[in-house]
Number of protein chains: 2
Amino acid sequence: MRNVSALHLLVRKLEKHVALEEKDRRLILDLPHVIQPFRTFDYIIREGETPGACPVLISGFAFRQKLVESGGRQIISIQIPGDALDLQQLFLDYADHNVQALTDASIAMVPRLALRELAMQRPRIAHAFAVNNQVDASITREWLLNVGRRDARTRIAHLLCEVAVRLERQELVGDYGYELPMSQEQIGDATGLTSVHVNRMLRELENDGLITRNSRTIRFPNWPVLKQVADFNPLYLHVGQQSAVSIPA
Amino acid sequence: MRNVSALHLLVRKLEKHVALEEKDRRLILDLPHVIQPFRTFDYIIREGETPGACPVLISGFAFRQKLVESGGRQIISIQIPGDALDLQQLFLDYADHNVQALTDASIAMVPRLALRELAMQRPRIAHAFAVNNQVDASITREWLLNVGRRDARTRIAHLLCEVAVRLERQELVGDYGYELPMSQEQIGDATGLTSVHVNRMLRELENDGLITRNSRTIRFPNWPVLKQVADFNPLYLHVGQQSAVSIPA
DNA sequence: CGCCTATTTGATAGCCGTCAACCGGAGTGG
DNA sequence: CCACTCCGGTTGACGGCTATCAAATAGGCG
């Protein structure tokens, strides 16, 4: 067996949705790439620019983001290790949103051309990319529902549930909780709220016994009820089977 | 020249982004399909179902929609003639949202298999589909920004601007306005507001001379200022060149 | 003409934003 | 080792945007 490619998490993610042949797997793992470190808040992709490489998150977290004229920020998605940050725009001329590092992060930069050609030559891989994009689109739709039609408490709970399930699917969390590296202001930007109100709602969720917090580590003592309070139905993530986070036994 | 295929609007839309060879154009136009009529509010795709055919909107309007547990509805997008209603999910097992007719509509149902095979065999077409999906995803991201970070007045103005530009790009409107077949309640569902507040904001926009209304026909006497008030920057639509709607001269 | 739905308008309430102050932990430098 | 600083979290008071409730008006269609 060769060295483990930095891209193995990407393959793992793609294979959650589409079965790949060994050859396709190999072709992805062997894609040319350079590992580049990013610091918290570094821009990975800027709106308006044409990236020459598609970044794939190896370790650390990132987020997509758009700004309004008056300065308000909306976080569009949270990205976790294994996520491709630009497959969505592989075929567009310029980026329509920003991508920033949420934490210090290690990112594999894969030349766009190599990816596009791989997609052209290997229908199965193109298929996997398409599904990946479609799942991302589904998540964005759920966020729109979240921000448009749920109250503050529910919105925040929903966000916590989503990240938990996605991390677990990538086998990046233990059974009893995870570290969510977002400030309360960032949670607010993701849910269309202010940091002050996020703070109040987190406290409320904690007082109600639905979450516990220690620094930024979140645990879910009562996942079934939290899920209900969050109006969280993971179908939109298009994962075949998911287990719950933090259910003892 | 043959009969004009019902799918010519789809081809026109795809070609706004990706140049197609005559042969590819032909292959799309000749896709097998049956025309099916839908009445206002009819479901075209239901969440959870696996559609056997991809609907392409020929005439009339449709909208994507998701519901929360408590009954609230969020409209995810407005679809206009020429839009494919399921390319987004061509490769997913089940629909993650609903699609409904906004008006009486005529829809071409194209077998999913035929589309998938066409995409597999003709990379250029697969490319066009991918771009189409990516533009849709970009629009959803802008809607998330709209609902999350703009005030009511701006949100509504932004929606009006978007539909106007998209209709114009498909050459479906005259220079001086268009009919938006949405009730105020539906505008509310699209913007995360109530119909009552939509009503007030529309009146305000009208009083400020930014729009005029006659039944559901909207005109923009002052497009440049409206665009500014709406915080509307059409880059997210990924259209090469757009002209303004309703600018005399 | 009458019914039904959509629009309009006013009064009131409430969720969440804004403003401001304080707290607390982590890193820094003396 | 301790003060200092800074950023993020926490809390309270207050205000405003938007929701809710209710009723009247208008418009479309039999």
Side-chain angles (χ1 to χ4, degrees), chain A residues 39-41 61 63 68 70-75 101-104 146-160 179-207 211-218 229 231, chain B residues 39-41 61 63 68 70-75 101-104 146-160 179-207 211-218 229 231:
Chain A
R39 309 294 301 275
T40 303
F41 295 130
F61 290 74
F63 62 100
V68 292
S70 55
R73 181 198 358 257
Q74 178 68 39
I75 292 180
L102 183 55
T103 63
D104 289 352
N146 203 33
V147 169
R149 286 297 170 204
R150 295 196 182 106
D151 65 22
R153 183 181 145 108
T154 311
R155 269 183 236 180
I156 293 167
H158 193 278
L159 173 65
L160 298 180
E179 195 198 341
L180 178 69
M182 297 174 75
S183 69
Q184 294 181 358
E185 184 170 2
Q186 288 165 337
I187 295 176
D189 284 342
T191 51
L193 301 165
T194 59
S195 61
V196 174
H197 204 59
V198 169
N199 183 286
R200 286 193 262 258
M201 295 299 104
L202 283 176
R203 173 149 310 284
E204 212 178 282
L205 289 171
E206 195 171 26
N207 288 342
I211 64 173
T212 66
R213 291 179 297 158
N214 192 325
S215 170
R216 285 178 180 175
T217 296
I218 310 246
V229 165
D231 190 25
Chain B
R39 309 294 299 274
T40 302
F41 294 130
F61 289 72
F63 63 100
V68 292
S70 54
R73 176 193 11 250
Q74 178 68 40
I75 291 180
L102 183 53
T103 63
D104 288 352
N146 203 34
V147 170
R149 284 299 170 203
R150 296 198 180 105
D151 65 21
R153 185 181 142 107
T154 311
R155 268 183 236 181
I156 293 168
H158 194 279
L159 173 64
L160 298 180
E179 196 199 341
L180 179 69
M182 298 173 75
S183 71
Q184 295 181 1
E185 184 170 3
Q186 288 166 336
I187 295 176
D189 284 343
T191 51
L193 301 165
T194 58
S195 61
V196 174
H197 204 59
V198 169
N199 183 285
R200 287 194 257 262
M201 294 298 104
L202 283 175
R203 174 150 309 284
E204 213 178 283
L205 289 171
E206 195 171 26
N207 289 343
I211 63 172
T212 65
R213 291 179 297 158
N214 192 325
S215 168
R216 285 178 180 176
T217 295
I218 309 244
V229 165
D231 190 24

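To find a chain, count down the sequence lines: A is the first, B the second, and so on, and within it residues start at 1.
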Between C1' of D/dG9 and CZ of A/R216, the distance in whole Å:
9 Å
CZ on A/F41 to CG on A/D104, rounded to 0.5 Å
10.5 Å
Output the distance between atom CD (B/E204) and atom CD1 (B/I156), rounded to the nearest 0.5 Å.
9.5 Å
Can you tell me the distance, in whole Å, between the CD1 atom of A/I156 and the P atom of D/dG9?
12 Å
Roughly how far, to the nearest 0.5 Å, is CG of A/N146 from CZ of A/R150?
4.5 Å
With sugar-phosphate meaning primed atoms plus P, OP1 and OP2, does A/R213 contact a base, only sugar-phosphate, or nothing at under 4.0 Å between heavy atoms?
sugar-phosphate
Comparing B/F41 and B/R149 on DNA chain C - which has the more 5′ nearest nucleotide
B/F41
With a 4.0 angstrom cut-off to heavy atoms of chain B, pull out the first and last contacting nucleotide of DNA chain C, in 5'-to-3' order.
C/dA6 to C/dA11
B/T191 side-chain N/O to B/R155 backbone N/O, donor-acceptor pair under 3.5 Å
no
For DNA chain C, which residues of residues 194-204 of chain B approach it to below 4.0 angstrom with any heavy atom?
B/V196, B/N199, B/R200, B/R203
Over the length of the helix from C/dC1-D/dG30 to C/dG30-D/dC1, how much do the five-pair end axes diverge, rounded to 10 degrees?
40°
In whole angstrom, what separates B/Q184's CD from D/dT18's C1'?
16 Å
Do the side chains of A/R216 and A/S183 get nearer than 4.5 Å, heavy atoms only?
yes
With B/D189, the side-chain hydrogen bond (donor to acceptor under 3.5 Å, both in side chains) member among B/Q184, B/Q74, B/R73
B/R73
Run the numbers on A/R213 and A/R203 for side-chain contact (heavy atoms from CB on, under 4.5 Å), then give the verdict.
CA-CA 9 Å; A/R213 291 179 297 158; A/R203 173 149 310 284; 3.6 Å; yes
Applying side-chain contact (heavy atoms from CB on, under 4.5 Å), run through B/V147 and B/L193 and close with a yes or a no.
CA-CA 9 Å; B/V147 170; B/L193 301 165; over 6 Å; no
Does the pair A/L160 and A/L202 meet the rule for a side-chain contact (heavy atoms from CB on, under 4.5 Å), with working shown?
CA-CA 10 Å; A/L160 298 180; A/L202 283 176; 4.3 Å; yes
CD of B/E185 versus P of D/dT20: gap in Å, rounded?
12 Å
Sugar-phosphate, base or nothing in reach of B/G192, heavy atoms under 4.0 Å
sugar-phosphate
Tell me: CZ of A/R150 to P of D/dT18, nearest whole Å?
21 Å
Are a donor atom and an acceptor atom from the side chains of B/T154 and B/D231 found within less than 3.5 Å of each other?
no
To the nearest 0.5 Å, atom CZ of A/F63 lies from atom CG of A/L102 at 6.0 Å
